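So you know, we letter chains A, B, ... as the sequences are listed, proteins then strands, and number each from 1. Since this is a predicted model, take the numbers as computed values, not measurements.
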Number of protein chains: 2
Amino acid sequence: MQGTQEVVVLRYGHRPGRDDRMTTHVGLTARALGADRVILPDNATQSAETVADITDRFGGPFTIEQDDSQKATVRDWDGVVVHLTMYGLPVEETAPEIRTSLDSEPVLIVVGGEKVPFEIYEAADYNVGVTNQPHSEVAGLAVFLDRLFEGRELDAEWPDADRAVVPKATGKKVVATDETPADADTVGADGDADTS
Amino acid sequence: MQGTQEVVVLRYGHRPGRDDRMTTHVGLTARALGADRVILPDNATQSAETVADITDRFGGPFTIEQDDSQKATVRDWDGVVVHLTMYGLPVEETAPEIRTSLDSEPVLIVVGGEKVPFEIYEAADYNVGVTNQPHSEVAGLAVFLDRLFEGRELDAEWPDADRAVVPKATGKKVVATDETPADADTVGADGDADTS
């Protein structure tokens with residue numbers, strides 16, 4: 001996130017078809033909650049395209065990469081490696097320490113998909129559990145990022161967006177970002193019931 | 001969560017096959033992050049079974065229900081209705097107010113799957129956005145619950161679990177919950193590289 005060293009999310013493992021939506025959600029969550037970059041497996045092309053499309057429309061800075069050497073990326077990372085796993089140490093204890101590291105070192109966050117080999121546990125500087133209960137890698141990533149950034153990611157700006165949502169108590173408002181909200185109708189209708 | 005009024009997560013909409021994993025992750029996230037109950041659509045039987053199975057093994061209290069009248073459940077809810085949507089008001093502004101309500105009223109959290117009709121936006125006391133960016137309903141639910149409970153859900157106890165994970169810096173330890181960690185080998189091996 002702006003103002004810190006780089007935060008990168010690496011999705012470990014992907015089964016095309018079966019994992020498409022989960023991998024897409026990992027990528028979109030990384031972007032929305034303050035990571036600078038996501039590294040997806042080489043075979044996750046459909047997810048990479050979806051995340052790139054959202055980034056084109058809703059803005060960055062955010063980078064999407066694909067990589068066929070994930071073990072090497074983790075092993076050779078020049079900074080802090082965090083592996084999110086239900087077997088790890090509590091997020092509430094580890095996140096503050098990792099936040100301090102982020103002043104001087106980039107952080108790689110490994111999010112498991114299919115089976116994660118033991119060498120990833122060993123390569124990680126921190127194996128972190130968002131609870132020690134089985135739930136969702138997307139949920140774990142979201143809570144971890146929110147705590148890493150202490151909520152500052154919620155105020156992010158998206159300087160190169162084509163469009164932006166204007167928060168509303170009821171209904172929907174989407175504006176083209178070179179317009180004022182009063183001109184919203186050109187992009188989206190206020191209170192439109194048609195969801196996407 | 002224990003010590004508050006009931007918190008219930010309602011998954012709105014489900015397409016069997018296509019949405020199975022997302023709906024399962026909504027249910028597991030609700031359980032792991034402090035909700036008391038999840039209401040899944042009538043046609044989400046596979047997801048309901050998975051969440052029930054995890055609850056049997058890793059403990060409750062947590063209730064899984066299926067319901068074919070989701071609109072009526074939302075409309076007739078006797079308490080506060082929260083709808084998570086990227087078009088809503090910021091979580092950082094709304095969660096504290098909803099937390100205060102929870103002292104006296106149960107809270108229903110609606111998590112959209114397929115298209116959410118406009119009447120849900122209207123029926124909600126709070127339309128809440130975890131950022132106004134497109135990402136993941138699972139990520140949104142996770143951050144919302146963590147902020148609603150201010151992290152207290154991370155210390156939850158699971159009194160009727162068969163097994164529990166013991167947090168570790170590296171590797172995995174799972175124990176039968178009527179045993180001490182020293183007896184762990186009967187359930188899971190410490191440092192076992194075999195992930196699930």
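- Heavy-atom pairs under 4.5 Å with chain A peak, among B/Val128, B/Leu33, B/Leu28, B/Asp125, at B/Leu28.
- Rounded to the nearest 0.5 angstrom, A/Tyr12 OH and A/Thr73 OG1 are separated by 10.0 Å.
- No donor-acceptor pair closer than 3.5 Å links the side chain of A/Thr29 to the backbone N or O of A/Val26.
- The CZ atom of A/Arg75 sits 8.5 Å away from the NZ atom of A/Lys71 when rounded to the nearest 0.5 Å.
- Counting only N and O atoms by type, the side chains of A/Thr24 and A/Ser47 include a donor and acceptor under 3.5 Å apart.
- Contacts between A/Val91 and chain B at a heavy-atom distance below 4.5 Å involve the side chain alone, from C-beta outward.
- Interface summary for chain B: among A/Glu137, A/Glu153, A/Glu119, the most heavy-atom pairs under 4.5 angstrom belong to A/Glu137.
- Interface residue B/Asp19: backbone and side-chain heavy atoms are both found under 4.5 Å from chain A.
- In terms of heavy-atom pairs under 4.5 Å with chain B, the best-connected choice from A/Ala142, A/Gly151, A/Ala30, A/Gly27 is A/Ala142.
- Between chain B and the options A/Thr131, A/Leu154, A/Asp155, the largest number of non-hydrogen pairs under 4.5 Å is found for A/Leu154.
- Taking every heavy atom of both residues into account, B/Arg147 and B/Glu92 meet most closely at NH1-CB, 3.9 Å.
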- prompt: Given B/Thr85 and B/Asn127, is the side chain to side chain donor-acceptor pair (under 3.5 Å) satisfied, shown in steps?
  reply: CA-CA 6 Å; B/Thr85 163; B/Asn127 286 286; 5.8 Å; no
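- Listed in order of number, the residues of residues 52-65 of chain A that approach chain B to under 4.5 Å between heavy atoms are A/Ile54, A/Phe58.
- A cation-pi arrangement is absent between A/Arg163 and A/Trp158 under the rule of less than 6.0 angstrom and at most 45 degrees off the ring axis.
- In this structure, the side-chain contact (heavy atoms from CB on, under 4.5 Å) partners of A/Pro16, at least two apart in sequence or on a different chain, are A/His14, A/Asn43.
- Using cut-offs of 30° and 60° for the angle between ring planes, the B/Tyr87 and B/Tyr121 rings count as tilted.
- When the shell of 6.0 Å around CG of A/Asp78 is examined, it contains 12 or fewer heavy atoms from other residues, nucleotides or ligands.
- Without hydrogens or angle criteria, A/Asp36 side chain to A/Val7 main chain gives a donor-acceptor distance under 3.5 Å.
- If you measure heavy-atom distances from B/Leu141 to chain A, you find no contacts under 4.5 Å at all.
- Options A/Leu145, A/Asp20, A/Val143, A/Val130 differ in how many heavy-atom pairs under 4.5 Å they form with chain B, and the most are formed by A/Val143.
- Neither the backbone nor the side chain of A/Ile120 comes within contact range of chain B; no heavy atoms are under 4.5 Å apart.
- The residue among B/Gly88, B/Ala156, B/Gly140 with the most heavy atom pairs within less than 4.5 Å of chain A is B/Gly88.
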